[in-house]
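To start, the structure under review is shown below, and the notes come after it.
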Amino acid sequence: DVKVTQSSRYLVKRTGEKVFLECVQDMDHENMFWYRQDPGLGLRLIYFSYDVKMKEKGDIPEGYSVSREKKERFSLILESASTNQTSMYLCASSLSILAGGLFGQYFGPGTRLTVL
Amino acid sequence: QKEVEQNSGPLSVPEGAIASLNCTYSDRVSQSFFWYRQYSGKSPELIMSIYSNGDKEDGRFTAQLNKASQYVSLLIRDSQPSDSATYLCAVKENYGGSQGNLIFGKGTKLSVKP
């Protein structure tokens, strides 16, 4: 079974703090993704990565950065947390597109971040 | 702008009935389609994938794909209260630097009444 783990289930931070969210997958997947999910807005892609040290902006990258130093680990960084970044953050991983089309993404349990 | 549309619901069905969840997508070249189940407060769980026109069955779940109509559906037979969740439809992007990315619908909330 694919296993994607995230560093925290719940996190409370203060405005202006630097926040690190970590994601680890154990299935040797090439692709990793960070989403946020808010009521009424659905899943929104923040950043994704197709390989180590590689990153691409998703739909809402502003206020976020990412790091992928090892294949199994993808970190999301909130440089200076703001209250509008209060959300559920979801990490996902998948096989490379070169492995074929019928592979979906597998999600971690999520981190519910509250910024006060 | 590529879109995946779902009726937000809630869709309410009695226990034992067939629940029918529908999804339409805008990108004609899309090839791969996925259904996720998300319980309240939990993360999405992949339950079905389909890429050929027609039906694909897995236990009580059947995914149906009609590429000509740009329509994908999920049928849940013998619905159980434990099926109550939000179901997300996702379509894989098919070109450029976004290959491998999924476009998600906002989900349909299903409620199965005992």
Side-chain angles (χ1 to χ4, degrees), chain A residues 1-6 8-10 21 23 25 27 29-51 54-61 87-112, chain B residues 1-10 23 25 27 29-53 56 58 63 65 67 72 74 85-109:
Chain A
D1 273 355
V2 177
K3 191 165 184 184
V4 182
T5 58
Q6 294 184 230
S8 306
R9 290 301 308 275
Y10 300 94
L21 302 180
C23 175
Q25 51 93 5
M27 285 302 293
H29 283 174
E30 290 81 9
N31 303 339
M32 297 188 75
F33 307 84
W34 275 106
Y35 296 88
R36 61 178 285 178
Q37 188 175 34
D38 302 286
L41 297 178
L43 281 164
R44 292 183 290 169
L45 182 64
I46 304 171
Y47 267 97
F48 59 98
S49 170
Y50 288 155
D51 202 351
M54 175 269 177
K55 59 187 178 185
E56 294 286 344
K57 292 180 180 179
D59 300 319
I60 52 163
S87 186
M88 170 72 98
Y89 288 88
L90 292 159
C91 175
S93 72
S94 72
L95 285 169
S96 165
I97 190 73
L98 298 175
L102 203 62
F103 294 101
Q105 294 176 13
Y106 295 88
F107 285 84
T111 295
R112 187 163 293 281
Chain B
Q1 181 76 1
K2 299 175 288 290
E3 293 184 340
V4 175
E5 300 284 346
Q6 295 182 256
N7 189 319
S8 62
C23 172
Y25 59 95
D27 189 355
V29 300
S30 296
Q31 296 291 323
S32 303
F33 308 87
F34 305 89
W35 283 100
Y36 287 81
R37 177 177 62 200
Q38 186 173 23
Y39 293 114
S40 180
K42 303 294 185 182
S43 61
E45 174 192 8
L46 180 62
I47 56 173
M48 289 288 285
S49 58
I50 186 168
Y51 67 93
S52 297
N53 274 330
K56 180 182 177 183
D58 184 0
L65 176 59
K67 290 185 180 179
V72 58
L74 179 70
T86 296
Y87 289 81
L88 306 175
C89 173
V91 177
K92 183 165 279 191
E93 293 197 83
N94 212 39
Y95 53 88
S98 300
Q99 290 190 52
N101 287 9
L102 296 181
I103 306 168
F104 286 87
K106 292 183 179 178
T108 298
K109 187 171 184 178

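Chain A is the first sequence line, chain B the second, and so forth, proteins listed ahead of strands; every chain is numbered from 1. Worth knowing before you read on, the calculation uses all heavy atoms, side chains too, and leaves out hydrogens, waters and symmetry mates.
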Report task. Please confirm whether the backbone N or O of Gly110(A) pairs with a side-chain atom of Ser43(B), one donor and one acceptor, at under 3.5 Å? Result -> no
Requested in this report: Select one option (side chain, backbone, both, neither) describing which atoms of Leu88(B) are under 4.5 Å from chain A's heavy atoms.
Outcome: side chain
Report task. Can you measure from NZ (Lys42(B)) to CG (Leu90(A)) and round to the nearest 0.5 angstrom? Result -> 12.5 Å
**Report entry** Within 6.0 angstrom of Lys67(B) NZ, more than 12 heavy atoms from elsewhere
**Finding:** yes
Query raised in the report: Are Leu43(A) and Tyr36(B) close enough, and set up right, to give a side chain to side chain contact (heavy atoms under 4.5 Å, CB included), and what steps lead you there?
Result: CA-CA 12 Å; Leu43(A) 281 164; Tyr36(B) 287 81; over 6 Å; no
Query raised in the report: What is the distance from atom CZ of Phe104(B) to atom CD of Gln37(A), rounded to the nearest 0.5 Å?
Result: 9.0 Å
Requested in this report: Just do the side chain to side chain contact (heavy atoms under 4.5 Å, CB included) check on Asn101(B) and Phe33(A) with the steps written out, would you?
Outcome: CA-CA 9 Å; Asn101(B) 287 9; Phe33(A) 307 84; 3.2 Å; yes
Query raised in the report: Contact part of Arg44(A) toward chain B, heavy-atom cut-off under 4.5 Å: side chain, backbone, both or neither?
Result: neither
Report summary line: Bottom line for Gln6(B): the part with an atom under 4.5 Å from chain A's heavy atoms is neither
Report summary line: Note: Gly104(A) and Leu46(B) closest approach over all heavy atoms is CA-CD2, 4.1 Å
Query raised in the report: Given a strict heavy-atom distance threshold of 4.5 Å, which part of Leu41(A) is in contact with chain B: side chain, backbone, both, or neither?
Result: backbone
